[in-house]
Each structure stands twice: as C-alpha cells, then as structure tokens.
Amino acid sequence: MIKAEAKKRIEKLTKEIDFHRYNYHVLDKETLAPAALDNLKAELFRLENEFPEFIFPSSPTQRVAGAVSGKFKKTIHSLPMISLFDAFSQNDILAWQERNENYLKKTLKPIYYCELKLDGLAINIKYEKGLFILAGTRGDGKVGENVSSNVKVIASVPLNLRRPEISELKALGLSEIEIKNFLELLEKGIIEVRGEAIMTKKVFVELNKRYQAEGKTLLANTRNAVAGSIRQLDSRISAERKLDFYAYDIIFSSGKDSDSKVLSRGELIKTRGAADKLASLLGFKSLKYNTLCQGLEDVFSFYKEIEKKREALAFEIDGVVVKFDDLKMWEILGVVGKAPRYMMAYKFSAEQATTRIKNIIWQVGRTGALTPTAVLEPVRVAGALISRSTLHNFDEIRRLDLMIGDTIVIERSGDVIPKVISVLKNLRSGEEKIIKAPKICPICEGKIDRVGEEVAYRCLNKNCYAVNLRKISHFISKGAVDMEGVGPKVIEQFLEIGLIKDAADLYTLKKEDLLSLERFAEKKADNVLKIIEIKKKIDLAHFIFALGIRHVGEETAEIISKLLISDLEMMEKGKGVFSIASLIKYFLSKNLDYFQQINGLGPIMGESIYNYFQDEHNLNLLKKFDDNGVEISLTAFLKKTKIENKNFKDKTFVLTGSLLSLTRETAKDKIKELGGKVSADVSVKTDYLLLGDDPGSKFEKAKKLGVKIITEEEFLKMI
Ligand code: IVH
C-alpha cells in the first residue's frame with residue numbers, strides 16, 4: 001500500500017472503530033461484533049506499524065477502552081483496571097512465553113492458573129472492614145463509574161465478607177503469621193474483589209420471553225444485558241435481571257481509605273490458586289472449572305476441554321485466561337502498555353470477522369444455477385482460515401450493496417458455510433468496483449437466463465461441463481446412489497478426458513480406461529469398477545433423488561417411490577427388480593395433474609417432476625441407464641416399515657429462509673400432515689424454528705427466546 005492510501009485507510013479505520021466503540025462502551029449498544037471490531041483494530045495496528053508517521057494521539061490503539069459516561073458518580077481505582085492481551089492459537093501462547101523468557105533473560109517453567117474468561121462486565125467491589133462500601137465499573141481503567149446500588153442487588157455479591165475459619169486458611173497453605181495478618185486486614189483494612197458480573201443463559205431466555213409478552217424491546221445478548229442493567233440508574237431493573245458475580249482477583253490494602261497502602265502481589269497470599277479459594281471463603285461464588293496447569297501442554301488441554309464444554313455451560317464465555325500462579329511473578333513481570341505480561345486471554349476463535357472482497361467468481365451448480373462466490377483476503381473465523389464465501393445469488397449482492405474492494409463483516413458458526421453479513425461502507429475509498437450480473441455461463445460461455453420469478457441465473461446449455469460435473473457428482477453422492485470411493489475429483493478426471501458425458505456412462509467404464517488415468521493403480525480401478533457394478537441395482541427413492549430433478553429432495557423422492565412401488569411391482573410380477581424402461585413407461589402414462597395432486601408434493605414439485613419426464617434429453621439419459629444394465633431394486637424398500645412420528649404431534653413450527661431440498665410449502669404440509677402446527681411468527685409458544693438459507697429476523701428472535709432451532713437436515717431426520 002502506498003503512503004497516501006495508508007493514511008486514508010488509517011483515518012477511515014479510526015473513525016469506524018471509534019463509532020462502534022462509542023456505541024458499545026458509552027451507549028451500551030453493540031453495532032459490530034467485538035471480534036469483528038478486533039479485526040479492524042488489528043488492521044489499524046498493522047498499518048500504524050508500517051507507517052508510524054500516521055500514529056495519531058487520538059488513534060484507538062493509543063488508549064484503553066471505555067469512556068466514562070456522565071450519569072454516574074466517578075470512582076478512582078486504587079490499582080488501574082487494565083485490559084488483557086489476546087491469544088488465538090497455541091503459537092500465540094508459545095510466543096507469549098518466549099517474550100516473557102526474553103524479558104527476564106531466562107528459561108521459564110511456570111505453573112499457570114487457568115480460568116474461564118467470563119463474558120460480562122468487569123466490576124471492582126471495595127470492602128472496608130469487611131463491609132461493602134463501593135462498586136465501580138472499569139471506565140477508562142483509572143476512573144470508573146460508581147454503580148454500587150446496582151451491584152448491591154446482585155444476590156451472589158456478599159455485603160459482608162465472610163470471616164473464614166482458621167482451619168480453612170491453614171488448608172490454603174497460610175502460615176500462622178499470615179493468617180493473623182489476613183484476619184487483621186479483614187477486620188481493619190480494605191479488600192477489593194474484582195470480577196465479572198454476568199447473566200446466565202437461562203435468565204436471559206426467561207427475561208426475553210417475559211419482555212416479549214410485555215411488548216418490550218428484547219435484550220440482544222447476555223453481555224449487553226449485564227452492561228445495560230448495571231449502567232442504568234434504576235436499581236429495580238438490575239434486581240429483576242438476576243445477575244451473578246464471579247471473582248477473579250483480590251487486592252489487599254492496609255490502613256484506612258485516605259492513607260491506605262496497596263499491598264504488593266504475593267505479599268499476603270502467594271498464589272492465584274489460593275486467592276481464588278480465598279474468594280470463595282470470603283463468600284463469593286467460585287468456578288469449579290478453574291485449574292492449575294503444570295505447563296503449556298496442560299494449558300492447551302484445559303483450553304480444548306473448556307471449548308468442548310462451552311455450549312453446555314450455564315453462562316457465556318469467550319475463552320480462558322492463563323495466569324502465572326505465583327503472584328510474585330506478577331510484580332516481576334509487570335505491565336506493558338495496556339495489559340499485564342503475567343496473564344493472557346486465550347480466546348476462542350471469533351465467529352465474526354472483517355475482511356476485504358478481492359473478487360467475485362461465478363460457479364455453476366447441478367441445476368445450472370449460477371452462484372456468486374466472494375474471493376476474500378484470508379481471515380480466521382471460528383477456527384478456520386476463510387478465503388471464500390458464497391453469496392447465494394445476484395439479488396444478495398444487490399441487497400448487501402456489495403462492491404469489489406469492500407470491507408465486509410463475515411460470520412461463521414461451527415461448520416456452517418461462512419456468510420457475508422454486512423458491508424462497512426464508511427471504509428470505501430472510491431476505488432471499489434461495481435459487480436455486474438453475468439451475461440454468459442462462465443464455464444461453457446453458453447446462454448444464461450432467469451426463469452420466471454427466480455432470483456438465480458441459470459446456464460441453459462444442457463451439456464455444460466460444470467453442470468454435468470455437478471449432476472454426476474450428485475448422482476454418486478451419499479443420499480443418492482452412494483458410490484463409495486468415487487468422488488467429484490474422480491468424476492472430473494473421467495469428464496476431462498471424455499470417458500463419460502453423463503452418469504449413465506459410468507456403467508460403461510472398463511479397467512483399461514481407468515488405468516490410463518493419473519493416480520489410478522490396479523487396486524483403485526478394481527474398487528471403482530466393483531462399486532459401479534454393485535450400484536447397477538438401485539433403490540427407487542435413491543434413483544429418483546439421484547436424477548437431480550429440480551425441487552426433488554430425498555424426502556420427495558421417498559414420497560414418489562412409495563406411491564409408485566406397488567404399481568411397478570405388479571408390472572414386474574414380484575421379481576424384486578424392475579427395469580428403467582418400466583419406470584419411463586409409468587411416468588409417461590401420468591399427466592401433470594396426477595403429479596400435482598400427490599399428497600405432500602404441491603404444484604411446483606409436481607410440475608417439475610412431470611416436466612423432467614417430458615424432456616427428451618432426460619428420457620435419453622434414462623434409456624441409456626436401461627441399456628447399460630441399471631435396474632431398480634425393491635428389496636431395500638420392502639424392508640422399510642412405516643413409523644409413527646411423535647416429533648410433530650402438537651408442536652408449533654416457524655419457518656425462516658429458503659430450504660434446499662423441499663419448498664417451504666411442502667415443509668409446512670409435512671408438518672401438518674404429521675400432527676404439527678405452523679405459525680408465521682416466533683413467540684414463546686414456538687417449539688421449533690426451521691432454519692433455511694438466508695434467514696430473516698425470526699432467527700434472531702428465536703435465539704433471544706431460546707426457541708429450539710433446527711436445520712433442514714435435522715428436520716428431514718425428524719420426518
Ligand atoms: S483477570 C487485567 N480473569 O476479561 C484484567 N479477567 O478482556 C484482567 N475477564 O476486563 C482481569 N474473565 O473483565 C480476568 N477469569 C478472568 C476473567 C477476566 C473475564 C474479563 C475482565 C477483563 C476482560 C479483559
């Protein structure tokens with residue numbers, strides 16, 4: 001990047017970060033996911049490193065987060081409430097240890113105390129002579145807001161510190177003199193307990209259910225709910241929000257408030273582990289998960305274990321905090337910039353991130369649909385390096401108002417395909433390029449068109465290489481004919497040198513054909529031919545699904561096959577197999593009305609099936625299957641028995657987004673047929689939200705109300 005560009009980008013990033021920071025820290029309104037904001041900050045930091053002449057005093061990299069809002073009285077912290085450095089990988093943690101070793105000029109083998117990183121609001125609670133006197137937020141790190149009345153209503157915050165038994169203090173490893181000093185300090189001095197105010201997931205869901213019933217605005221997430229309740233002036237609201245508090249640090253000061261002296265770390269209590277136990281002896285809730293780790297290997301196992309448990313935990317966490325257990329080391333290592341050297345936030349991978357769009361490419365699907373894919377500057381999201389994101393169709397590009405060169409927010413949760421959420425338009429430089437709708441198929445250069453009201457452009461060339469590849473790949477795939485050992489890569493090889501043109505050609509392959517291919521040794525060729533031979537007999541539902549008829553998913557294929565099977569069986573006189581020729585005959589004997597009337601199909605699917613068998617190209621393919629010895633087997637079908645479905649009885653479903661293998665109408669019909677109800681809007685009465693592609697606001701609402709969300713795949717399984 002040239003200097004002028006860098007300066008412009010730095011200025012824009014600064015403005016954008018400040019905007020979201022202000023919303024979040026001052027107005028308690030989250031306008032960009034924290035992880036995505038971190039990406040912007042990281043980009044700014046990188047640019048400032050490269051062009052230090054553009055580090056301005058007002059840059060977000062130059063200060064600790066959180067301006068103090070005007071509503072509360074101020075409170076000055078006895079020790080600054082600093083921030084934490086973030087690590088996202090084992091390498092980051094290893095680098096942290098190395099930095100500490102370089103700093104101390106010696107090899108370290110520390111014991112670490114690992115804790116959960118709670119996702120709430122940091123609070124400092126001050127006790128004088130064991131009595132609650134003040135609670136403050138972090139504010140700008142030095143001065144916070146006095147939020148005592150709102151913290152006092154948190155049931156898990158003691159208003160009087162508990163006086164531990166001598167035996168309990170002994171068990172912590174304190175010597176007699178240390179016990180004496182501690183009890184004296186508890187009686188006469190100041191103890192500050194720092195920790196996180198949180199809201200459990202259960203309380204969050206219950207509150208939102210109630211707010212919805214009362215027509216109130218719903219809470220966005222638990223972190224916001226906590227900040228919102230602590231940083232507002234009516235403590236009744238705090239009380240109804242049933243917050244919780246977990247301690248993560250204790251600071252001791254001897255003497256009275258005016259001339260008190262903060263004791264150095266390790267002076268009274270020697271380890272973080274002991275301090276954690278002491279907090280619970282003083283009356284605070286403690287987390288049973290916090291653990292001593294003998295080295296980094298243990299730390300890594302702890303992290304993995306907690307990551308697995310994360311979903312099931314009662315509250316939200318965004319990582320773990322790795323701390324030196326020996327508190328003397330806290331003094332020795334000290335603080336650098338905005339955060340301490342002696343602990344590290346080891347965060348879970350972000351689920352939202354920002355990156356830039358380098359290009360748009362169009363992919364051609366099995367039905368000829370052209371799908372735009374954004375080529376991205378690689379970015380880590382939820383544990384994976386992402387460099388592409390599907391955009392579904394051209395209308396999606398329009399809806400997002402997307403341009404090449406844009407900075408975007410993408411989201412990925414678990415194994416779900418990453419999605420573009422929004423465009424940060426304020427970051428545009430003017431150099432961005434408009435994305436045009438395609439005019440021809442990018443693969444075969446054939447004609448494309450939009451059919452009827454469809455949003456997708458389709459390649460109209462039935463012999464398009466890409467369409468064929470997808471069609472055949474679908475034919476051999478798991479839910480279809482399931483040719484184990486033959487994948488899309490192999491199909492590509494066959495297609496490229498013209499061994500096959502369609503799925504029926506697979507049944508003509510010979511060993512010598514295969515041996516001429518790269519990576520095809522004798523054994524692989526034998527295996528491929530063997531599976532193809534086995535799959536000459538195909539179950540009817542699998543075969544119909546494998547044909548890739550538009551709108552016909554596994555479920556629909558099953559419905560049709562059930563309907564056809566008794567007739568076909570009669571035609572073949574109980575031989576257990578029947579020919580594809582009979583199948584063609586059967587389909588051609590029925591009119592459009594017949595298919596549209598089939599229970600569970602609906603007019604669109606019915607028409608699609610009817611049209612498929614009217615198309616000469618398709619009939620030729622079916623004849624080819626017949627010529628090449630493919631038959632329909634009845635044995636698999638006859639084994640299946642009808643199972644009553646209890647999943648649906650009296651359950652209310654809401655649908656959002658578009659489904660892949662069935663239309664929304666069919667899904668609704670199916671739900672009703674199986675005893676369920678369909679409702680248009682999410683409410684407390686909703687049992688399931690069926691989540692399709694590109695869901696609407698119902699998805700957010702369902703999350704807030706804790707409604708069970710099911711994917712299309714799960715739905716099909718339920719059926
Ligand atoms: S130690 C130097 N321990 O994370 C301040 N912090 O990202 C670090 N947090 O503001 C305090 N769980 O509010 C510590 N077990 C834990 C924590 C924790 C959550 C929060 C804390 C801090 C933020 C930094």
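Excluded from the calculations below are hydrogen atoms, water molecules and symmetry mates; all remaining heavy atoms, backbone and side chain alike, are included. Counting convention: from 1, in listed order, for ligands and their atoms alike. Model, not experiment: these values are computed from the prediction.
- A salt bridge links Asp249 to Arg265: at least one charged side-chain nitrogen sits closer than 4.0 Å to a carboxylate oxygen.
- With salt bridges taken as basic N to acidic carboxylate O contacts below 4.0 Å, one links Arg272 and Glu115.
- Checking side-chain atoms of Tyr127 against main-chain N and O of Pro158 turns up a donor-acceptor pair under 3.5 Å.
- Listed by first and then second residue, the side chain to side chain donor-acceptor pair (under 3.5 Å) pairs that reach into residues 193-206 are Asn124-Arg194, sequence neighbours excluded.
- Residues in residues 279-302 take part in these salt bridge (Lys or Arg N to Asp or Glu O under 4.0 Å) pairs, two or more places apart or across chains: Asp244-Lys285.
- Remark: Glu305 engages Lys309 in a side-chain hydrogen bond (donor to acceptor under 3.5 Å, both in side chains) (not counting sequence neighbours).
- For ligand 1, the 4.0 Å heavy-atom shell takes in Ile82, Ser83, Leu84, Glu115, Leu116, Lys117, Leu118, Ala122, Arg138, Glu196, Tyr248, Val321, Lys323, Met343, ordered by chain and residue number.
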